Amino acid sequence: MDRKKFRENDRLLEANEEEEKAKSGRRQLLACFLASLMSLSAGTVITGWSLTEGSLRDEDLENWSTEQESWIISIYVFGALIGALPAGFLGQKYGCKSLLLWLAAPMIIGWVLCLLRLESMFLECLGRFICGLSVGATTVAVPLYAREVSSDRLRGRTGVFLDFMLCAGILYAYVAREVLDGVRQFCLACAVVPIAFVMLFAYMPESPVYLYNVGQYDQAAKALRWLRGRFFNVKKEFDEIESSKCLDDELLERGKKMSAVNKKFLARVTVISFGLVLVQRMSGAGGVIQYSSTLFKMSGSTIEPNMACIIVGIFQLASSGVSFFFIDKVGRRTLLLTSSAIITASLILLVVYFSLIENETLLDSPWRISLLFILCLFISAFRLGLGPIPWFISTELSPALYGGRIQSLAASFSWSLSFVIMKTFKIFVEENPVLLWSSFAAFSAAGFLFVMFYVPETNNKSREQIHHELIG
């Protein structure tokens, strides 16, 4: 390929090697953290509309029926599964930074629409749907940006930022619902987040992989040196990008018959990516997060529902933080297995708990409060591994130039499952909670076996190493 040549400094990483590595690590983390402020905004959409007693005062809303409320809550998921589909293509065509900045616009518009038109269910759903378009695309663009700006040693931590900031947004929404006087103030507080994101993230570099692929070599080199350090070997990084492009072209170029080995590779990437998404969603965590207040009302717990939601939100944020610190030390597979095992145990406890509730064994018993501890254990385990890792592992497994396509399909599949769960969770949990939790427990147990026998470890491995392991 005819491309611009760069003269590297004779001294790249000599006396100041450790200092440069530390500085470059901080800058990579900063860029990915600011990118994930859009994830924080997405978290406010995920949680923001299920009403609890004492929050979002009734004078700001009509008294929606259960069916209407379920549509207002779940319609964003329908937008998310649509928004995720083109996000990978758009990120590779225009750059992940540019895409993320664009995504702030529908998020702001959606919240403003909700703020202004509370009396209309149609416009309320439209606002939530527009926000959902941004949410779905964000879950694709943030992991892709993190993958393309991060070194291998930081890939796990930057990948976890998506889930960590989703948790922060969920907690932000829980607290805002409790302390603000009404829905309009709540919508305004949520609209501020994407505005702040644009103001801060605009100063971060575009993906150097994107810049290189579109021939902007000077800008790519500048971005790499800002991210990795003044003495970073840009030519070596460019050679790795070019090598990866050649491998992808050989693997997926149209008109060529794909070899049996490459077919096996792509099939395994697809099964792992979609399989982990299935295990993640069928754990029931999405329904638990959205309908926590409903669960506490059903249990007859003495804890005020919205306060219980805040406590659960604190636990899930803390657990996601634990995942951030450990994911590049103990590895993805270990965290997935630990997470799946604890989730399965927690779901079995929920089966027992709601069986006792149905039999009125816990009537007026102080043990009703144990639901809070079970849900905190469940959500903490989910955020430790099964929550964050499926969002970004496909970017580690997939071919570099086609990772966006696979990530988009996996994210859209994830939101499709989420829509079904959100729309039906409240109905099933009120009619037959024991059967619902038993089903989730069975799926989680099967997921544990799937991770144990089929998911490889990707920690601190290059794309080539992962490729050879998958076809080996």
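Note that the coordinates shown come from a computational prediction; the quantities given were computed from them, not determined experimentally. Hydrogens, waters and symmetry mates are skipped; everything else that's a heavy atom, side chains included, is used.
Side-chain contact of Trp415 with Thr139: a donor-acceptor pair under 3.5 Å is present, judged by distance alone.
The closest donor-acceptor contact from the side chain of Thr44 to the backbone of Ser41 lies under 3.5 Å. The closest donor-acceptor contact from the side chain of Ser273 to the backbone of Thr270 lies at 3.5 Å or more, if one exists at all. Judged by distance alone, the side chain of Arg333 and the main-chain N or O of Met452 form a donor-acceptor pair under 3.5 Å. In this structure, the side chain of Ser150 does not engage the main chain of Arg155 through any donor-acceptor pair within 3.5 Å. Using a distance-only test at 3.5 Å, with no hydrogens or angles considered, a donor-acceptor pair links the side chain of Ser283 to the main chain of Gln280. Of the possible polar contacts, none joining the Arg128 side chain to the Gly110 backbone as a donor-acceptor pair under 3.5 Å is found. The closest donor-acceptor contact from the side chain of Ser339 to the backbone of Ala381 lies under 3.5 Å.
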Verify side-chain hydrogen bond (donor to acceptor under 3.5 Å, both in side chains) between Arg281 and Ser414, making sure each step is shown before the conclusion. CA-CA 7 Å; Arg281 288 305 186 187; Ser414 174; 2.9 Å; yes
Can you check side chain to side chain contact (heavy atoms under 4.5 Å, CB included) on Lys97 and Leu101, steps first, answer last? CA-CA 6 Å; Lys97 176 188 173 181; Leu101 290 172; 4.1 Å; yes
Run the side-chain hydrogen bond (donor to acceptor under 3.5 Å, both in side chains) test on Gln407 and Ser394 for me, step by step, so that the C-alpha distance in whole Å, both residues' side-chain angles and the decisive distance to 0.1 Å come before the verdict. CA-CA 6 Å; Gln407 177 73 7; Ser394 64; 2.3 Å; yes
Could you check Tyr212 against Phe238 for ring pair (Phe, Tyr, Trp, His ring centres under 6.0 Å), going step by step and ending with a plain yes or no? CA-CA 8 Å; Tyr212 178 87; Phe238 281 1; 4.8 Å; yes
Would Leu276 and Val451 count as a side chain to side chain contact (heavy atoms under 4.5 Å, CB included) if you check the C-alpha gap in whole Å, the side-chain angles of each, and the deciding distance to 0.1 Å? CA-CA 8 Å; Leu276 284 177; Val451 173; 3.9 Å; yes
Kindly indicate, with the supporting measurements, whether the criterion side chain to side chain contact (heavy atoms under 4.5 Å, CB included) is fulfilled by Phe129 and Ile82. CA-CA 10 Å; Phe129 175 81; Ile82 295 174; 4.1 Å; yes
As a quick check of understanding, evaluate side-chain hydrogen bond (donor to acceptor under 3.5 Å, both in side chains) for Ser319 and Ser380, giving each step before the final call. CA-CA 5 Å; Ser319 298; Ser380 298; 3.2 Å; yes
Check the pair Val271, Phe450 against side chain to side chain contact (heavy atoms under 4.5 Å, CB included), reporting the backbone distance first and the verdict last. CA-CA 10 Å; Val271 171; Phe450 173 77; 4.1 Å; yes
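Of all non-hydrogen atoms in Met38 and Thr138, the two that sit nearest each other are CE-OG1, 3.6 Å. Between Gln28 and Ser151 the shortest heavy-atom distance is OE1-N, 2.8 Å. The two residues Cys131 and Val45 make their nearest non-hydrogen contact at CB-CG2, 3.9 Å. When all heavy atoms are compared, the tightest approach of Ile170 to Gln316 is CG2-NE2, 3.2 Å. Nearest heavy-atom pair, Ala84 versus Ser412, reported as atom, atom and distance to 0.1 Å: CB-N, 3.8 Å. In terms of heavy atoms, Tyr145 sits closest to Glu206 at CE1-C, 4.5 Å.
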Cut-off 3.5 Å, no hydrogens considered: what does the side-chain donor-acceptor table look like for residues 189-202, sequence neighbours left out?
none

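Rounding to the nearest 0.5 angstrom, the gap separating the CD1 atom in Ile343 from the CG atom in Leu377 is 9.5 Å. In this structure, CG on Leu162 lies 5.0 Å from CG on Leu166, to the nearest 0.5 angstrom. The distance from the CD1 atom of Ile75 to the CD atom of Glu124 is 12.0 Å, given to the nearest 0.5 Å. We find the CG-OG1 distance between Leu386 and Thr338 to be 11.5 Å, quoted to the nearest 0.5 Å. Rounding to the nearest 0.5 Å gives a distance of 9.5 Å between CG of Leu40 and CG of Leu171. Considering CZ of Phe413 and CG of Leu409, their distance stands at 11.0 Å, rounded to 0.5 Å.
Applying the 6.0 Å contact sphere to CZ of Phe326 captures no more than 12 heavy atoms from other residues, nucleotides or ligands. In Phe33, the CZ atom is not crowded: 12 or fewer heavy atoms of neighbouring residues, nucleotides or ligands sit closer than 6.0 Å. Residue Phe78 qualifies as open at atom CZ: its count of foreign heavy atoms under 6.0 Å is 12 or below. Residue-environment remark: CZ (Phe443) stays at or below the threshold of 12 foreign heavy atoms within 6.0 Å. Residue-environment remark: CZ (Phe325) stays at or below the threshold of 12 foreign heavy atoms within 6.0 Å. Surrounding CZ of Phe315 are at most 12 heavy atoms belonging to other residues, nucleotides or ligands under 6.0 Å away.
Looking at Trp111 and Ile108, their side chains never come closer than 4.5 Å, going by heavy atoms from C-beta outward. Using a 4.5 Å heavy-atom threshold, the side chains of Leu85 and Val140 count as separate. With a 4.5 Å cut-off on side-chain heavy atoms, Pro205 and Lys222 do not count as touching. A heavy-atom distance below 4.5 Å is not found between the side chains of Lys93 and Tyr210. Side-chain contact between Thr158 and Ser36 is absent, with no heavy-atom pair separated by less than 4.5 Å. Residues Ser444 and Val279 fail the side-chain proximity criterion, which asks for heavy atoms closer than 4.5 Å. Annotation: side chain of Lys329 is not in contact with side chain of Asn459 (no heavy-atom distance under 4.5 Å). Looking only at side-chain heavy atoms (C-beta outward), Tyr76 and Ile46 come within less than 4.5 Å of each other.
Ring pair Phe164/Phe161 is perpendicular by interplanar angle, where above 60° counts as perpendicular and below 30° as parallel.
Ion pairing between Glu396 and Arg147 fails under the 4.0 Å rule for side-chain N and carboxylate O. Using a 4.0 Å cut-off between charged nitrogen and carboxylate oxygen, Arg383 and Asp163 count as a salt-bridge pair.
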